[in-house]
**Q** 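Pasting a structure below so you can have a look.
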Amino acid sequence: MQPERGDMEGEPPSMLWGLDPIFSAFARLYIKDILTMNESGQVPGIYFYRSHPISKVDVLGTVVYKREREDFFCYGVDDGTGVINSLCWKDEQWREHGEPVKASKSTVTITGGFNPAEQLKKLLQAQHNSSHLEIGDVLRVRGPVKTSRDQREIRASTYYKVTDPVLAVQIAWMLEVPQLYRKFYDKPFQWSSGMHDLNATSAPVTLLEQACSLLKDFLREKAVERFRPYDLREQLVPLVNSIPSASTSTHQEAVTNQSTSKQLHALFRETLQLLEDEGLVFRKVISQDQVFQVTENDKELHRVTRDIIREDSRREKYAEKGCHVLHILSSVRQRYSQNMSKMAMDVVLRSLECNSEIISTTDSHYTVL
């Protein structure tokens, strides 16, 4: 039985849905979540998963049943968490002309060995094969979610057969989707209290948030591994200079410059502290020469962490579940840096897992592939 249509009280106003980037994306949700999402009470055909408005999904699974009609195929897709109907419309050229004629071996080729007509036939045949699936084939389907006759289904806008003889595509999918849940889908979108007033604009981003975002982008784009404070402080100068100032008199210029310098130092100090709290940067050694390591780009830290998990997973104590995150953190502190924080350790483990160098067996245990 499908979930009933929700009421409007727990939903953000429909005018604000576009502020959530997931609304305009094909959400890679598990089928069990697609089947249990509550439908919007404001707009039919829109569903909510943890306050995220969902209009279209992206699913990969195995075809477990198939029905064919004159205009469409109906495939039952199973991703291991549930089964959902996928309505896949036939291409008009197949409905009108039937299957494409297979290229004949006796076809005369044009001088040079290339025959456009024959290549077109091969292309049409490949297109036809990718859109006609049998039970046991792997199907990827994208499209809006609809409810028809009290049953949830996907109306495919794009679908094709996935050729995956060594399961590489399915394994990559299984590794990627939990990360999407952890980073995006399971985190409720923060609708600001001021945003619920339809006559008000979106809440302004604070200066600290802008500075933090600016430094994150810089560290990511430049692939910085380590830095000293004065290396990055200048990145915030344009941000501080953009702050409107009430003092415009020429005789107060020196006072204004001094105030701007203080603002820059204070903003950079708070931003750096925020990055440390999030585990994105850390100090390997506490000394007068302040050198910060960028957690995601510290190759030596990643190597040490990976080696610890590989070595200790062979021990009988950790053979079943793998190494606990606190054990890994303790070992990294002994081998690499006493100043490693739990947040920084989490950043390293997520990065290694995203790169398929390790896998999580539970929420807090890791082992090597």
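Both backbone and side-chain heavy atoms feed into the values below; hydrogens, waters and symmetry mates do not. Since the model is a prediction, treat every value here as computed from it, not as a measurement.
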**Q** Would you mind reporting whether W17 and S55 have side-chain heavy atoms less than 4.5 Å apart?
**A** no
**Q** Are the side chains of T305 and I308 in touch, meaning some heavy atoms are under 4.5 Å apart?
**A** no
**Q** Applying ring pair (Phe, Tyr, Trp, His ring centres under 6.0 Å) between F292 and each of F282, Y230, F227, report the one that passes.
**A** F227
**Q** What are the two closest heavy atoms between V59 and L29, and how far apart are they?
**A**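 Result for this residue pair: CG2-O, 4.4 Å.
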**Q** Kindly determine whether I46 and F23 satisfy side chain to side chain contact (heavy atoms under 4.5 Å, CB included), including the steps that lead there.
**A** CA-CA 9 Å; I46 303 298; F23 178 63; 3.9 Å; yes
**Q** Any side-chain donor-acceptor pair under 3.5 Å between S360 and E353?
**A**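 Judged by distance alone, the side chains do pair up.
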**Q** So how far is it from T271 OG1 to Q210 CD, rounded to the nearest 0.5 Å?
**A**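 Reported to 0.5 Å precision, the distance equals 10.5 Å.
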**Q** In terms of the angle between their ring planes, are Y181 and Y185 parallel, tilted or perpendicular, with boundaries placed at 30° and 60°?
**A** perpendicular
**Q** Heavy atoms only: give me the nearest R155-S148 pair and the separation to one decimal.
**A**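 In terms of heavy atoms, the two residues are closest at NH2-CB, 4.1 Å.
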**Q** I want to check something: taking the side chain as every heavy atom from C-beta on, are E278 and K216 in contact at a cut-off of under 4.5 Å?
**A** yes
**Q** Please assess M343 against E276 for the test side chain to side chain contact (heavy atoms under 4.5 Å, CB included), listing each intermediate value before the final yes or no.
**A** CA-CA 8 Å; M343 293 299 295; E276 280 194 272; over 6 Å; no
**Q** Name the residue from D20, I22, L19, L16 that meets the side-chain contact (heavy atoms from CB on, under 4.5 Å) definition with P53.
**A** D20
**Q** Report yes if some heavy atom in the side chain of K342 is under 4.5 Å from a heavy atom in the side chain of L326; otherwise report no.
**A** yes
**Q** Do the side chains of R140 and D58 get close enough for a salt bridge, i.e. N-O under 4.0 angstrom?
**A** yes
**Q** Do C354 and K183 have side-chain heavy atoms sitting under 4.5 Å apart?
**A** yes
**Q** How long is the straight-line distance from CZ of R152 back to CD1 of I34, given to the nearest 0.5 Å?
**A** 9.0 Å
**Q** Could you state whether L180 and V141 fall into the same hydrophobic cluster, counting links through intermediate Ile, Leu, Val, Met, Phe, Trp or Tyr residues with side-chain heavy atoms under 4.5 angstrom apart?
**A**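 Yes, it is one cluster - the side chains of L180 and V141 are joined through contacts under 4.5 Å.
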**Q** Take H302 and V348 through the test side chain to side chain contact (heavy atoms under 4.5 Å, CB included) and record every step on the way to the result.
**A** CA-CA 7 Å; H302 286 214; V348 175; 4.0 Å; yes
**Q** Less than 4.0 Å between a side-chain N and a carboxylate O, is that true for R303 and D307?
**A**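 Here D307 pairs with R303 in a salt bridge, since their nearest N and O are under 4.0 Å apart.
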**Q** Locate the shortest heavy-atom distance separating I31 from V77; write the atom from each residue and the value.
**A**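 So the two residues come closest at CD1-O, 3.3 Å.
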**Q** Nearest 0.5 Å please: distance from the CD atom of E153 over to the SG atom of C74.
**A** 7.0 Å
**Q** For Q290, is there any backbone N or O sitting under 3.5 Å from a side-chain donor or acceptor partner on R283?
**A** no
**Q** How many angstroms lie between CZ in R233 and CZ in R228, if you round to the nearest 0.5 Å?
**A** 13.0 Å
**Q** Give a yes or no on whether the backbone of L167 and the side-chain of Q170 come within a donor-acceptor separation of less than 3.5 Å.
**A**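 No: the side chain of Q170 does not pair with the backbone of L167.
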**Q** Distance only, no hydrogens: is a donor on one side chain within 3.5 Å (strictly under) of an acceptor on the other, for T367 and S313?
**A** yes
**Q** Can you tell if the side chain of E134 reaches within under 4.5 Å of the side chain of K66, non-hydrogen atoms only?
**A**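 Heavy-atom side-chain distance check passes, below 4.5 Å.
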**Q** Test side chain to side chain contact (heavy atoms under 4.5 Å, CB included) on I359 and L175; report intermediate values, then the result.
**A** CA-CA 8 Å; I359 58 173; L175 291 173; 4.2 Å; yes
**Q** Give the minimum heavy-atom separation between I54 and A27, together with the two atoms involved.
**A**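 Distance-wise, the nearest heavy atoms are CD1-CB, 4.0 Å.
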**Q** For a ring pair (Phe, Tyr, Trp, His ring centres under 6.0 Å) check, start with the C-alpha distance between H324 and Y318, then their side-chain angles and the critical distance, and finish with the verdict.
**A** CA-CA 8 Å; H324 193 277; Y318 305 109; 9.5 Å; no
**Q** Any chain of hydrophobic side-chain contacts (each under 4.5 Å) joining V347 to I309?
**A** no
**Q** So which atom in K187 and which in H52 form the shortest heavy-atom distance, rounded to 0.1 Å?
**A** O-NE2, 2.7 Å
**Q** Is there a side-chain contact between K284 and D298 in this structure, where contact means two heavy atoms from C-beta onward sitting under 4.5 Å apart?
**A**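 Side chain of K284 against side chain of D298, heavy atoms only: no contact under 4.5 Å found.
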**Q** If you measure from the Lys or Arg side-chain nitrogens to the Asp or Glu carboxylate oxygens, is any gap between D71 and K90 under 4.0 Å?
**A**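 Salt bridge absent between D71 and K90.
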**Q** At their closest point, which heavy atom of Q235 faces which heavy atom of L214, and how far apart are they?
**A** O-CD2, 3.2 Å
**Q** Is it true that the side chains of T147 and Y47 contain a donor and an acceptor less than 3.5 Å apart?
**A**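 Distance-only check passes for T147 and Y47.
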**Q** Is a donor on one side and an acceptor on the other found under 3.5 Å between the side chain of S51 and the backbone of P188?
**A**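 Here the side-chain-to-backbone pair does not exist.
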**Q** Starting from Y30, can I reach I154 by hopping between I/L/V/M/F/W/Y residues whose side chains sit under 4.5 Å apart?
**A**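 Yes, one cluster joins them.
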**Q** Testing R69, E68, E70 for side-chain contact (heavy atoms from CB on, under 4.5 Å) with F72, which one passes?
**A** R69
**Q** Are D186 and R182 ion-paired here, with the side-chain N under 4.0 Å from a carboxylate O?
**A**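 Salt bridge between D186 and R182, a charged N being under 4.0 Å from a carboxylate O: no.
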**Q** Given the rule that I, L, V, M, F, W and Y join up when any side-chain heavy atoms are under 4.5 Å apart, are F26 and V138 in one cluster?
**A** no
**Q** Nearest 0.5 Å, what's the CG-CG distance between L232 and L275?
**A**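 The distance works out to 9.0 Å.
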**Q** Checking S287 against D289: is there a side-chain donor and acceptor pair closer than 3.5 Å?
**A** no
**Q** First locate atom CD of Q334, then atom CG of L329, and finally report the distance between them rounded to the nearest 0.5 Å.
**A** 10.0 Å
**Q** Regarding E300 and R226, does a basic nitrogen lie under 4.0 Å from an acidic carboxylate oxygen?
**A**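 Between R226 and E300 there is no salt bridge, as every charged N stays at least 4.0 Å from the carboxylate O atoms.
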**Q** If you group Ile, Leu, Val, Met, Phe, Trp and Tyr by side-chain heavy-atom gaps below 4.5 Å, do M174 and V162 land in one group?
**A** no
**Q** Does I286 reach the side chain of Q338, with side-chain heavy atoms less than 4.5 Å apart?
**A**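 No, too far: nothing below the 4.5 Å cut-off.
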